[in-house]
Amino acid sequence: MKFGKFESVEDFLSAYAAAQRAAIRAQITGISLEAARARLRRRKERDVVEVQAIIAEYLGIETSGASHQHLTIQVEQVTDTDPDVQEDLDRVVSQQEIVFVSVRVGDRQGIDEPLTGLETGTALNIRGEWIPKERAYAHGGERMSVLHFTHDPIGFICTPESCYS
């Protein structure tokens, strides 16, 4: 499934993570080891949020690269937030914008098995990394906010029947 200029969401997420790592490397290039360590200690890894949402649409499983289940959600309530993405979250809730969710499945870096019961209207509680709409679009993705990394060590996803991490 194409995602913006990328052939798949996996390609987008991999490129996004690589760009984040490159930005960090650029911040510490040319400074002393002590200054680099101090800057790295202060940096924040990810913009982690937790939301209560309903499924707008289940999009299926993408198997190019690592397998991911894809769905879109409508955020009903923000349970935990990060100040860096608060404005984007507020807009998503107030304007009832659809958010793209990618859940890695089937390997040690994601959840063990695909989620079940992902039907339109199903309530979810999700914790993961939030990529604001404009940041996703500026990187070449679709013009929509993205919630991913919904597994250990950062996140989880709970359906009415079960929680996965």
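Counting heavy-atom neighbours within 6.0 Å of Phe156 CZ, excluding the residue itself, gives a total above 12.
If you take CD on Glu97 and OG1 on Thr72, they are separated by 12.5 Å, rounding to the nearest 0.5 Å. Note that the CG atom of Asp90 and the OG1 atom of Thr81 stand 7.5 Å from one another [nearest 0.5 Å]. For the atom pair SG (Cys163) and CG (Leu124), the distance works out to 10.0 Å, reported to the nearest 0.5 Å. Remark: Leu89 CG to Ser145 OG distance equals 7.5 Å, nearest 0.5 Å. Between the CD1 atom of Ile61 and the CG atom of Leu115 there is a distance of 9.0 Å, given to the nearest 0.5 Å. Atom-to-atom distance recorded for Ile131:CD1 and Asp47:CG is 9.0 Å, nearest 0.5 angstrom.
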Please list every donor-acceptor pair under 3.5 Å in which a side-chain atom of residues 14-21 meets a protein atom from a residue at least two apart or in another chain.
{"from": "Ser14", "atom 1": "OG", "to": "Glu10", "atom 2": "O", "distance (Å)": "3.0"}
{"from": "Ser14", "atom 1": "OG", "to": "Glu10", "atom 2": "OE2", "distance (Å)": "3.4"}
{"from": "Tyr16", "atom 1": "OH", "to": "Arg135", "atom 2": "NH1", "distance (Å)": "3.3"}

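With sequence neighbours excluded, no residue forms a side-chain hydrogen bond (donor to acceptor under 3.5 Å, both in side chains) with Glu57. Partners of Glu87 under the salt bridge (charged side-chain N to carboxylate O under 4.0 Å, His left out) rule, at least two apart in sequence or in another chain, do not exist in this structure. Applying the salt bridge (charged side-chain N to carboxylate O under 4.0 Å, His left out) rule to Lys2 yields the partners Glu7; only residues at least two apart in sequence or on another chain are considered. Applying the salt bridge (charged side-chain N to carboxylate O under 4.0 Å, His left out) criterion to Arg25, with sequence neighbours excluded, gives no partner residue. Listed by chain and residue number, Thr159 satisfy the side chain to side chain contact (heavy atoms under 4.5 Å, CB included) test with Glu161 (two or more places apart in sequence, or in another chain). For Glu76, the side chain to side chain contact (heavy atoms under 4.5 Å, CB included) partners at least two apart in sequence or on another chain are Ile54, Gln74. Here Asp88 pairs with Arg91 under the salt bridge (charged side-chain N to carboxylate O under 4.0 Å, His left out) rule; sequence neighbours left out. Scanning for side-chain hydrogen bond (donor to acceptor under 3.5 Å, both in side chains) contacts around Ser67 gives an empty result, with sequence neighbours left out. Remark: Thr120 pairs with no residue by the side chain to side chain contact (heavy atoms under 4.5 Å, CB included) rule, at least two apart or across chains.
Sorted by first then second residue, the salt bridge (charged side-chain N to carboxylate O under 4.0 Å, His left out) pairs that include residues 110-132, not counting sequence neighbours, are Arg46-Glu129, Glu50-Arg127, Asp80-Arg127. Screening residues 98-111 for side-chain hydrogen bond (donor to acceptor under 3.5 Å, both in side chains), with sequence neighbours left out, gives His70-Ser102, Arg104-Asp107, Arg104-Gln109.
Using a 4.5 Å cut-off on side-chain heavy atoms (C-beta onward), Thr122 and Tyr58 make no contact. Here the side chains of Val101 and Ile55 are not in contact, with every heavy-atom distance at 4.5 Å or above. Contact of the Trp130 side chain with the Val92 side chain is registered, since non-hydrogen atoms from C-beta on lie closer than 4.5 Å. Residues Cys158 and Tyr164 are not in side-chain contact: their nearest non-hydrogen atoms beyond the backbone lie 4.5 Å or more apart. Thr79 has its side chain out of reach of Val51: every pair of non-hydrogen atoms, C-beta onward, lies at least 4.5 Å apart. In this structure, Val99 and Val146 have side chains that are not in contact, with every pair of non-hydrogen atoms separated by 4.5 Å or more.
Using a 4.5 Å cut-off between side-chain heavy atoms of Ile, Leu, Val, Met, Phe, Trp and Tyr, with links allowed through other members, Ile98 and Tyr137 fall into different hydrophobic clusters. Note on Leu147: it clusters hydrophobically with Ile157, by side-chain heavy-atom contacts below 4.5 Å among ILVMFWY residues. Hydrophobic clustering (side-chain heavy atoms under 4.5 Å, transitive across Ile, Leu, Val, Met, Phe, Trp, Tyr) groups Val93 together with Val85. When the side chains of ILVMFWY residues are joined at heavy-atom separations under 4.5 Å, either directly or via intervening members, Val105 and Leu71 end up in a single hydrophobic cluster.
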Mind running side chain to side chain contact (heavy atoms under 4.5 Å, CB included) on Phe100 and Leu59 for me, showing each step along the way?
CA-CA 10 Å; Phe100 188 88; Leu59 303 169; 3.7 Å; yes
Take His68 and Val9 through the side chain to side chain contact (heavy atoms under 4.5 Å, CB included) test and state the conclusion after the steps. CA-CA 9 Å; His68 287 82; Val9 175; over 6 Å; no
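Taking the ring centroids of His139 and Phe12, they lie under the 6.0 Å cut-off.
Considering all non-hydrogen atoms of both residues, Ser8 and Glu62 come closest at CB-OE2, 2.6 Å.
Test Asp152, Ile111, Ile154 against Ser165 for side chain to side chain contact (heavy atoms under 4.5 Å, CB included) and you get one pass: Asp152.
If you check the side chains of Asp82 and Gln86, you find no donor sitting under 3.5 Å from an acceptor.
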